[in-house]
Amino acid sequence: MLRLRPLTLHRPTSLAEAIALKSEYGTDATYFAGGTDLLPNLKLLQVDAQVLIALADVAELRGIEAVDDDGGSTLHLGAATRLSTLAADPVVRSLVPSLADAAGRVASPQVRNMATLGGNLCLDTRCRYINQSQLFRDALGGCLKSHGKECHVVPGGQGCVAALSTDTAPLLIALGAELDLLGPDGPRSVPLGRFYSTDGLAHTDLRPGEIVVRVRVPVPAASTHVRNRKWAVRKSIDFPLVAVAVRLDLDPAAPVLTGGRIVVGVLGPRPRQLPLDRFAGASIDEALALQLGDLAFDRSRPLPNVPYDADYRRERLRVEVRRAVRDIAASLEG
Amino acid sequence: MPDNDPNVLRHRLGAAAGQQARSEARDVRVVAFTLNGESVQVAAPAHWTLLEALRYRLGLIGTKQGCDKGDCGACTVRVDGEAVLSCLTLAVMAAGRRVETVEGLGVGRPHPLQRAFDDCGAAQCGFCTPGMLMSAAAMLDQARAAGRTLSRMEIAAGLGGNLCRCTGYVRILDAVEQAQRELGGGGER
Amino acid sequence: MSEFRVLGRHHRKIDAMDRMTGVERYTDDLTLPRMLHCKILRAPIAHGRILGIDTSAALAIPGVEAVITGADLPTPYGIIPWTPDEHALCFDKVRYVGDAVAAVAAVDEETANAAVAAIEVRYEKLPVLDDPHAALADHATLIHERRKPDGSLVTNNISKRVELSFGDLDAAFADAELVVEADYRFHGTTHTPIEPHCALAHADARGILTIWSATQVPHYLHRELAKVLGLPRNRIRVIQPALGGAFGGKSEPFDLEFCAALLSLRTGRPVKCLYTREEVFLAHRGRHPFDMHYRTAFDRDGTIRGVDARTVLDGGAYSSFGLVTTYYSGQLLCSPYRFGAYRFDSRRAYTNKPACGPKRGHGSVQPRFAIEVQLDKAAVALGIDPIELRRRNALTVGERTINEFAIGSYGFLDCLAEVERASGWTERRGKLPRGRGLGVAGSTYISGTNYCIYPTDLPQSGVQICLDRSGRVRVFSGTSDIGQGSSTMLAAVAAEELGVALEDVRVLAADTDLTPVDLGAYSSRITLMAGHACQRAAKDLAFKVRSAVATAWDCDRSDVVLAEGQAMRLSAPETAMPIAEAFVLAEVEFGTLGATGSYQTPREGVHGDYRGATIGASPAYSFTAHVAEVEVDEETGEVQVLQIWAAHDCGRALSPTLVKAQIEGSVYMGAAEAVMEHHHTMPSGLRADGKRRDPGPGVAGLLANSSLLDYRIPTALDTPDITAIIVEHPDPNGPYGAKEAGEGPLHPAIPAIANAIFDAVGVRIDALPITPEKVLAALRARTEAR
């Protein structure tokens, strides 16, 4: 069986303690929450960590709370909230059902019982050339994300284009979520929409030692309609091969579009955001479904990074966007 | 052939990636937790998974290993009542928790799930079965607590993280439905 | 089934509860004192010559007890005695990424991993052949350097070629009403048992080498271990512990068994080797990719006039069972339909990829896909209902197929009728909502092979039974229960004959020291062969028990029956005694009670006498028909297999629950191969448009999906509803008429699904797997063509 290599584990009970440990050990150390992404990567020797800093005992990372603020309410989700909790939580289900739905589609029941929301947002990027055994990567001669000098996805490419394969990030970006971070230099907040970069080797805005503490999700207004769509070959276990969130903001007085956005995941390291301002005034109908599907198709170019045909993923993205719009249209009629 | 011949490859596994082999475990802890209702202590290196500790330290070989890394569900155990993957759980993280394995499923006599699996012929090679049983037990307990009776589709979804290669799942779903009837579910479907 | 009291009824598997309570020990559950752990170093290039191996750094690591390389195990082996082209550890060349080069034994897995990573190997890279057609081209680099009997070099990469012709094919095609001609591709899939391969070896102080292995062929493993290790067979003991699935993937010796054995001999300590999941995928021996060109000639009424098949098999790096696969690719096609004439030409190519071998339905799943789609195309072209067209080509009992296999029973027509009825074929077909369709397919399979894979006149299966004065029955058998329930089948046969409850039969199986030889769990042979052997031994003992009881009751032996835990007098049913008392009477009269039974296949009148006529010949053939219902999403191209009705003629269902379970598992596996699974290497897997990426050095032949995340097998949510229907046409060669049930029911799933897709949306996908992108492209091409 694949074994982990020997390592040292710390179990801090506060964020301050965790951050101090990380500062002490530097790049030898890695934060460790649910472990469902990190441990396979460690076992496959894709990443190395001599020191794990477990976040399981840090109470500050827990909790689900709806906070009323100016003009609406916001869900405050502790980063260590497990995905199964998120999927089942009555507050989440009533205020942001699309988030409960997205969390409930991640991987498998067991993984959802272990994995955390923060971990899902900080998932390492994935690629058919890196999420492999050591023997495979040796045989390949490595790639930009391992020990090689060549990108096998984009021949001649200079930057790593491994894909962010999270199920929740596109939706949370569409919802306008913000992250509260804490690091050695103190706290800061960053909109999730600006959290990711295009560098598959360092695809988040996290600075050394920083931890995602909380995810703040504005509860959408009644006139805002959000749908999350996932496509994978299997109905369980799989990472998404297409992940897209569609947010339509409607005029509260009439079912016409005032704005919104489509957020497409599993392209490269950063989800793509497609604002819908230019469709303002459109009715929510089949014509819009087709138009928005085409928009997503035209503006997204899935790569042969994750293990499925890229051209089909692009076709499929178009259909998933259409279906999200149709679903919203149907809900308006109902 | 000389080493500088382009057709010659000198290979040492992982060397190109600059990996240094590490084999010595220095961080060994004594982990105390509740295992199938009894207090246990086990000395485990920090890099050992709960699966390894159960199988190779505690002798509870009922929990199986199939895929190395969380893809198959054969290693499913319950921690504080919930189904988790013991191959992706560090043994030291089980400290203070309540761990249940297939060995603890029936107390004195087979659990209704085990009887139903036996009646229905739901186990062929039986290798996925302990994990399947633990997922099913967690699911049925949860449904019962919520006063719900699970549909066949919901049962299939609840077992979505447990791969079986023998049965085509037909008899597994039959068995979980049978056990649910026996255990008495909640009200509405 | 009223003539039986145990057989034909619902049985719980005799070993299931132990497996479900965590008591039963599979190979990796065994631990011995001072046990070492073995890890195997594997080649990172698909084709190359080993120039040198430096193990010194590995040996210097504390806790490393031994390191071995190819020079330590120089004797070649192979499951087929005519093609021994494998070495436990390569010593001259490596032939695929993952070929074994060295092995270490260390105090724990971590240390063994570190040791493997300390071994340095120098390779000379050779051109990589990852495509069978390129491998078969003139002047291709030779993957194996083979010598002919005259000593000259074999100058091609043909692992095996079989050309056979029956009847006048040219005449069949000359005046045919319809000729259907098409190319089909089977893509390659693998077994994926949930239990990884594992072996534990212990060379003990007595000089006995014991191997516990997750194998489905202990007997063949026993022979090959003796050959490669140079030890007499009587110093080697092979035990197959409980097995966590196999499906053909554990039906030959693998590197880990030889390595663990030699390392144990070297160190004097027990050595365990457990594959990683990646190693399971690399060991492979899965279903061969086939490129098939089929021409089929029909009369106006749908009669099959002739079949002309040309096939290239992508064999991977080694022969495995490839000689047999190549025969099966043609030989197993001649039933359940009558062919007017038939010719096939099959060539198996060596390529630099993991070796292919036997997977459930060995060799005949791929051609079955081709022929059943050919029949469907003919039905459409001729305007005949596809089930009716199949009926019109039925064989009859007592008939010989065109390749001269004797058909002793034939339930195929009932299978067709059952799935026609169960699926509502007549009422529903053609009236389903848009995007939904029904498809049918049939098949046949062998119940064991008529001949052992090595030449011998010895029995294929032996069973020994002992009766205990406590009323228990002990059955000793070399058979491998791989989850299919063969031990339960043996217990049921013994219980039937000896009148005891199933729970009172103990089966000890698959231990070469303690059990009579059985050839193993392959080619669906156990029920027929071991079933016979068990029945014979049990009848022998029943005779003695009944005789002793008859003496006690002073009646005729024929008046005594053993049933339901008692000996009873037929003519006076109130006269009865507990079975244990009957056993005691018999033991008093005859001494300790034991008997053996053995089975050898019929040798006369079961096959022709042309070269190759014996390969594919079986004592009895099973038959299956499926109807599949699919829903095709025309916007995404995604195919949902909604339900499969599968009717299977198993001759006689000795244990109907187990038979249905085999049908269900087979259907599931076939459906998954149709729409989901694909064991593939990097270049061919890179682009769906079929364009090959120019492979960089070392990349060609690199297995793309060696995990259970990337090699996607269906979850409970991805599996269709399955309705298993048992059809019983007892075969005179089967015990109680029984035939196989474990492999045949897989075959029709794939073509039935393909045919249902055509029924649903009018497109044909002749290259498997049937993926959404292919369906979508076909739908678009059809739209554009209009």
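We use all heavy atoms of the structure for the numbers below, so side chains are in, but hydrogens, waters and symmetry mates are not. Just so we're on the same page: letters track the sequence lines, and every chain starts at 1.
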Where does the angle between the aromatic ring planes of [X] and [Y] fall among parallel (under 30°), tilted (30 to 60°) and perpendicular (over 60°)?
{"X": "C/Y668", "Y": "B/Y169", "result": "perpendicular"}
{"X": "C/Y711", "Y": "C/F281", "result": "tilted"}
{"X": "C/Y123", "Y": "B/H11", "result": "tilted"}

Does [Y] offer a backbone N or O that forms a donor-acceptor pair with the side chain of [X] under 3.5 Å?
{"X": "C/S707", "Y": "C/L709", "answer": "yes"}
{"X": "B/R55", "Y": "B/I61", "answer": "yes"}
{"X": "B/E103", "Y": "B/G62", "answer": "yes"}

Does any heavy atom of chain B fall under 4.5 Å from the side chain of [X], the backbone, both, or neither of them?
{"X": "C/T31", "value": "neither"}
{"X": "C/I663", "value": "neither"}
{"X": "C/P714", "value": "both"}
{"X": "C/V23", "value": "backbone"}
{"X": "C/L51", "value": "side chain"}
{"X": "C/A246", "value": "neither"}
{"X": "C/V121", "value": "both"}
{"X": "C/I713", "value": "both"}
{"X": "C/M20", "value": "both"}

So, [X] versus [Y]: side-chain donor-acceptor pair below 3.5 Å or not?
{"X": "C/H11", "Y": "C/S655", "result": "yes"}
{"X": "B/E82", "Y": "B/Q142", "result": "no"}
{"X": "B/Y56", "Y": "C/D28", "result": "yes"}
{"X": "B/Q178", "Y": "B/D119", "result": "yes"}

What part of [X] lies closer than 4.5 angstrom to a heavy atom of chain C: side chain, backbone, both or neither?
{"X": "B/M153", "value": "both"}
{"X": "B/T167", "value": "backbone"}
{"X": "B/D3", "value": "both"}
{"X": "B/L105", "value": "neither"}
{"X": "B/A74", "value": "side chain"}
{"X": "B/H47", "value": "side chain"}
{"X": "B/E24", "value": "neither"}
{"X": "B/R10", "value": "both"}

What option among [options] has the most heavy-atom pairs under 4.5 Å with chain B?
{"options": "C/I482, C/D481, C/L717", "value": "C/L717"}
{"options": "C/E124, C/K660, C/E278", "value": "C/E124"}
{"options": "C/R122, C/E120, C/R19, C/Q662", "value": "C/R122"}
{"options": "C/L274, C/N113, C/I119", "value": "C/I119"}
{"options": "C/T21, C/T715, C/D15, C/D29", "value": "C/D29"}
{"options": "C/L41, C/D718, C/T276", "value": "C/T276"}

Among [options], which residue forms the greatest number of heavy-atom pairs with chain C at distances under 4.5 Å?
{"options": "B/G59, B/A156, B/C128, B/G73", "answer": "B/A156"}
{"options": "B/L60, B/L133, B/T101, B/D118", "answer": "B/D118"}
{"options": "B/D5, B/L13, B/N7", "answer": "B/N7"}
{"options": "B/T129, B/T63, B/V170", "answer": "B/V170"}

Exercise. Are C/K13 and C/E24 ion-paired here, with the side-chain N under 4.0 Å from a carboxylate O?
Worked result: no

For this session: Applying side-chain hydrogen bond (donor to acceptor under 3.5 Å, both in side chains) between C/E109 and each of C/K39, C/H37, C/K272, report the one that passes.
Result: C/K39

Exercise. Which one of C/H191, C/H197, C/E195 satisfies the side-chain hydrogen bond (donor to acceptor under 3.5 Å, both in side chains) criterion with C/K250?
Worked result: C/E195

Are any non-hydrogen side-chain atoms of [X] and [Y] less than 4.5 angstrom apart?
{"X": "C/P241", "Y": "C/R25", "result": "no"}
{"X": "C/Q216", "Y": "C/Q240", "result": "no"}
{"X": "C/P196", "Y": "B/Q65", "result": "yes"}

